[in-house]
Colleague: 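Pasting a structure here, questions to come.
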Amino acid sequence: MPANIATRGSFRQQMDQFWQDSTALMGGVYAMRAAGKTYLPQFAYETNDEYSYRLNSTFLTNLYRKITKSILGHLFRKPIDRTNVNLDPEVLDNIDMNGSTVEDFARGLAKDVLTKGWALLFCEFSQDGAGENILQQQAENRRPYWVRIPPENLVDARVATVAGRARFVEARWVLPEGDGKTELDAGEELIHEVIAEQLGPDGELLAGYWTRYRCRDGVSEIIETGPFEFGPYLPMGIVYATREGHLVGIPTLEGVAQKNLEHWRASSEYSNIVTKTSFPILYEKGVEVDPPTVGEDGEDQEPERVFGPGIMWQHSSADANLTYVSPDPALSTVSERRLDRIVAEAEIEALELRVKASTGQTATAEEIDRVENMSPLQVVSFDIEKCMNEGLSFYAEWLNQATPGRLLLNRDFGLGTSDRVAIEGLKAAVAAGAITTETFVREAKRIGFLSQDIDPEVEALRAREQLADPDGFGEQ
């Protein structure tokens, strides 16, 4: 790893854009407006004032957040099965020593996979003072606990083969809330580094250790350090959505995010057309007007023409032919259909995450657990289950105990191949403009993708009129 502790790993070059998009959408309409031209480009010849008005009058229909919430609801519709876990229930009800149950922790992992591309679980042991060891901690009735490291907080990590398996052996991440003891100034960050025991250049065994650094402008100061006695690898597990490389994964809902960004731009363009064409313009000819100014190229430059309430356009020639060209009313219908289409495509993309790859026969419990027959969302559940059970094994290793059993996550939410046919039909109908958003919502409810509580007429109206709350929360 680089000498500068705060230097981000190369994986950030590929992941940061995914995370930026996700963070902006999850932040709602104010975060999207704050991003400005990143997600809403300025038109050619659009003045800064006009752009500012358009930006701050554009509302966000938060498809991304709504679909994320819906999918998490499917994943955790049934509670996690704890019956095969040989741990005190109080441990599972406070797995992170911060009040989170294993269900809360699993939802956090799932949300990271869906929106950030991967999720990290680290099994920590209380280490509040240098020189302490595991035996001392056990004597004080301390115990291991899980830490969910948000992907964007990871600075870098290194993997090596240990006993024939790829394992994390070194990792650094930012502690955004600090450690409760170190005061940070503006621009400073606290970075926690953990290195597993390893062999030195001469084959000697080097003990593992952890260190906390105060970092700013490339300068790192050691705040605290101590032993890390787990062994030759770190008790850290990772869940990928679609793995593309080391710490590189495509978020499950990346396609939905792009559809929502497209909807943001399209709704702004539609509102801009409606706004500008709704203002009347008064023409006046044969009056004295300001002469043209001379531009940088030496040519006459006419005064800027703007649209808005109370606007009068004047011309010095009484014979000037001033004509207002009214836009084709069909453009409004086309724009509405475009917005409807984007909403439907985002919903369909989310729906396809639940379509199983099986042949449509009645699934047995064994078949449900076969990855090749799972829907993409079932695979996410399967991988989170594996990661959490690995977390339980880390817990047991810290205490030198037998494996404490396993957790079982619900995967009974896949859709069969008959539903796949229905989805393909919906996609074709939406693409051809043959069905409305209202029809799509009704069909999605029938298939089981949307809750029966959702009103198709209300959803269709929201899509057409952009009735999102100013803070971007919508129905949530």
Side-chain angles (χ1 to χ4, degrees), residues 4 6-42 51-52 54-56 58-69 71-72 107-120 148-157 171-177 186-189 191 215 238-269 342 345-346 349-350 353 380 468 470-474 476:
N4 182 1
T7 298
R8 271 49 176 178
S10 59
F11 71 95
R12 298 293 293 257
Q13 299 173 9
Q14 295 170 269
M15 298 304 299
D16 278 350
Q17 186 60 58
F18 294 140
W19 297 343
Q20 179 180 329
D21 295 347
S22 174
T23 300
L25 288 168
M26 283 296 183
V29 66
Y30 294 124
M32 291 295 292
R33 288 176 182 170
K37 297 175 185 177
T38 300
Y39 298 116
L40 193 65
Q42 187 170 1
Y51 174 76
S52 178
R54 181 165 64 91
L55 174 67
N56 289 299
T58 299
F59 292 95
L60 175 67
T61 298
N62 209 324
L63 307 170
Y64 184 70
R65 192 191 297 179
K66 177 181 177 182
I67 288 174
T68 299
K69 181 179 179 181
I71 289 179
L72 288 173
R107 287 181 69 90
L109 293 177
K111 187 175 181 180
D112 283 344
V113 172
L114 295 174
T115 63
K116 302 294 179 63
W118 44 264
L120 281 176
R148 182 178 65 85
I149 302 172
E152 62 272 24
N153 287 356
L154 188 71
V155 176
D156 206 354
R172 285 178 283 132
W173 61 92
V174 176
L175 300 176
E177 305 300 327
E188 292 184 335
E189 58 184 5
I191 293 180
C215 300
I238 188 168
V239 185
Y240 284 99
T242 301
R243 189 178 188 276
E244 296 289 314
H246 175 56
L247 299 177
V248 176
I250 300 175
T252 307
L253 295 181
E254 169 60 14
V256 175
Q258 294 307 314
K259 285 296 175 186
N260 208 157
L261 294 176
E262 181 185 358
H263 193 278
W264 167 254
R265 294 187 292 268
S267 63
S268 177
E269 293 165 8
I342 296 170
E345 288 176 350
E349 182 150 348
L353 295 175
V380 169
D471 64 1
F473 278 80
Q476 303 177 51

Colleague: Answer yes or no: is there a side-chain heavy-atom contact under 4.5 Å between Val256 and Thr68?
Modeller: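 Counting from C-beta outward, Val256 and Thr68 never come under 4.5 Å.
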
Colleague: Who pairs with Ala24 by side-chain contact (heavy atoms from CB on, under 4.5 Å), at least two apart in sequence or on another chain?
Modeller: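 Partners of Ala24 by the side-chain contact (heavy atoms from CB on, under 4.5 Å) criterion, ordered by chain and then number, come out as Met32, Tyr39.
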
Colleague: Taking the side chain as everything from C-beta on, heavy atoms only, tell me whether Met15 gets closer than 4.5 Å to Leu247.
Modeller: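 No, their side chains stay 4.5 Å or more apart.
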
Colleague: Applying side-chain contact (heavy atoms from CB on, under 4.5 Å), name anything that partners Glu152, two or more places apart in sequence or on another chain.
Modeller: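 Glu152 satisfies side-chain contact (heavy atoms from CB on, under 4.5 Å) with Trp19, Lys116, Pro150 only.
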
Colleague: Check Leu40 against Trp264 and note the closest heavy-atom contact, atom names and distance.
Modeller: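 For Leu40 versus Trp264, the nearest heavy atoms are CB-NE1, 3.7 Å.
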
Colleague: Under 3.5 Å, side chain of His263 to main-chain N/O of Gln258, donor-acceptor pair present?
Modeller: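 Checked: no pair found.
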
Colleague: Can you name the residues that form a side-chain hydrogen bond (donor to acceptor under 3.5 Å, both in side chains) with Thr115, not counting sequence neighbours?
Modeller: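 Checked Thr115 against side-chain hydrogen bond (donor to acceptor under 3.5 Å, both in side chains); zero matches.
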
Colleague: Among residues at least two apart in sequence or on other chains, which ones pass side-chain hydrogen bond (donor to acceptor under 3.5 Å, both in side chains) with Ser52?
Modeller: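 Counting only residues at least two positions away or on another chain, Ser52 forms a side-chain hydrogen bond (donor to acceptor under 3.5 Å, both in side chains) with Asn56.
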
Colleague: Please find the pair of heavy atoms, one from Ala350 and one from Ile71, that lie closest to each other, and give the distance.
Modeller: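 Reported closest heavy-atom pair: CB-CD1, 4.4 Å.
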
Colleague: Side chains of Asn153 and Leu120: closer than 4.5 Å at any heavy-atom pair?
Modeller: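 Answer no - side chains too far apart.
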
Colleague: Given side chains that start at C-beta, do those of Trp118 and Asp112 come closer than 4.5 Å, heavy atoms only?
Modeller: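 They are not in contact (no side-chain heavy atoms under 4.5 Å apart), so the answer is no.
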
Colleague: Spell out, as yes or no, whether a donor-acceptor pair under 3.5 Å connects the side chain of Thr23 to the backbone of Gln20.
Modeller: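 Absent.
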
Colleague: Is a side-chain donor or acceptor of Tyr240 paired with a backbone partner of Pro251 at a separation under 3.5 angstrom?
Modeller: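 Not a single qualifying donor-acceptor pair exists.
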
Colleague: In terms of side-chain geometry, is the basic nitrogen of Arg8 or Asp156 positioned less than 4.0 Å from the acidic oxygen of its partner?
Modeller: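 No salt bridge links Arg8 with Asp156.
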
Colleague: What is the minimum heavy-atom distance between Leu25 and Asn62, and which atoms define it?
Modeller: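 The pair with the smallest heavy-atom distance is O-ND2, 2.9 Å.
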
Colleague: Between Arg54 and Ser268, is there a side-chain donor-acceptor contact under 3.5 Å, judged purely by atom types and distance?
Modeller: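 Arg54 and Ser268 do have a side-chain donor-acceptor pair below 3.5 Å.
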
Colleague: With Asp16, which residues qualify under side-chain hydrogen bond (donor to acceptor under 3.5 Å, both in side chains), at least two apart?
Modeller: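 Residues passing side-chain hydrogen bond (donor to acceptor under 3.5 Å, both in side chains) with Asp16: Arg12.
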
Colleague: Nearest 0.5 Å, what's the CD-OG1 distance between Gln17 and Thr38?
Modeller: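 One gets 8.5 Å once the value is rounded to the nearest 0.5 Å.
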
Colleague: Which heavy atom of Phe11 sits nearest a heavy atom of Leu154, and at what distance?
Modeller: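 Shortest heavy-atom separation between Phe11 and Leu154 comes out as CZ-O, 3.7 Å.
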
Colleague: Can you list every salt bridge (charged side-chain N to carboxylate O under 4.0 Å, His left out) pair that touches residues 242-255, not counting sequence neighbours?
Modeller: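 Sorted pair list comes back empty.
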
Colleague: Can you name the residues that form a side-chain contact (heavy atoms from CB on, under 4.5 Å) with Val113, not counting sequence neighbours?
Modeller: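 Ala119, Val239, Ala241, Thr252, Val380.
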
Colleague: Where do Pro41 and Arg265 come nearest, in terms of heavy atoms and distance?
Modeller: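 Looking at all heavy atoms of both residues, the shortest contact is CD-CD, 4.0 Å.
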
Colleague: Can you name the nearest heavy-atom pair linking Tyr64 to Ser22, along with the distance?
Modeller: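 The pair with the smallest heavy-atom distance is OH-OG, 3.1 Å.
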
Colleague: Strictly by salt bridge (charged side-chain N to carboxylate O under 4.0 Å, His left out), give each pair with a member in residues 19-28 just once, sequence neighbours left out.
Modeller: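 Passing the test, one end in residues 19-28: no pairs.
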
Colleague: Set out, in order, the CA-CA distance, both residues' side-chain angles and the distance that settles side chain to side chain contact (heavy atoms under 4.5 Å, CB included) for Ser267 and Thr61, then state yes or no.
Modeller: CA-CA 9 Å; Ser267 63; Thr61 298; over 6 Å; no

Colleague: Can you list the residues that meet the side-chain hydrogen bond (donor to acceptor under 3.5 Å, both in side chains) rule with Asn260, with sequence neighbours excluded?
Modeller: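 Partners of Asn260 by the side-chain hydrogen bond (donor to acceptor under 3.5 Å, both in side chains) criterion come out as none, since no residue qualifies.
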
Colleague: Excluding sequence neighbours, so at least two apart, what forms side-chain contact (heavy atoms from CB on, under 4.5 Å) with Ala34?
Modeller: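 Here no residue qualifies.
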
Colleague: To the nearest 0.5 Å, how far apart are CD in Glu262 and CD1 in Ile342?
Modeller: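 Those atoms lie 3.5 Å apart.
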
Colleague: When rounded to the nearest 0.5 angstrom, what is the spacing between CD in Gln42 and NZ in Lys37?
Modeller: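 These two atoms lie 4.0 Å from each other.
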
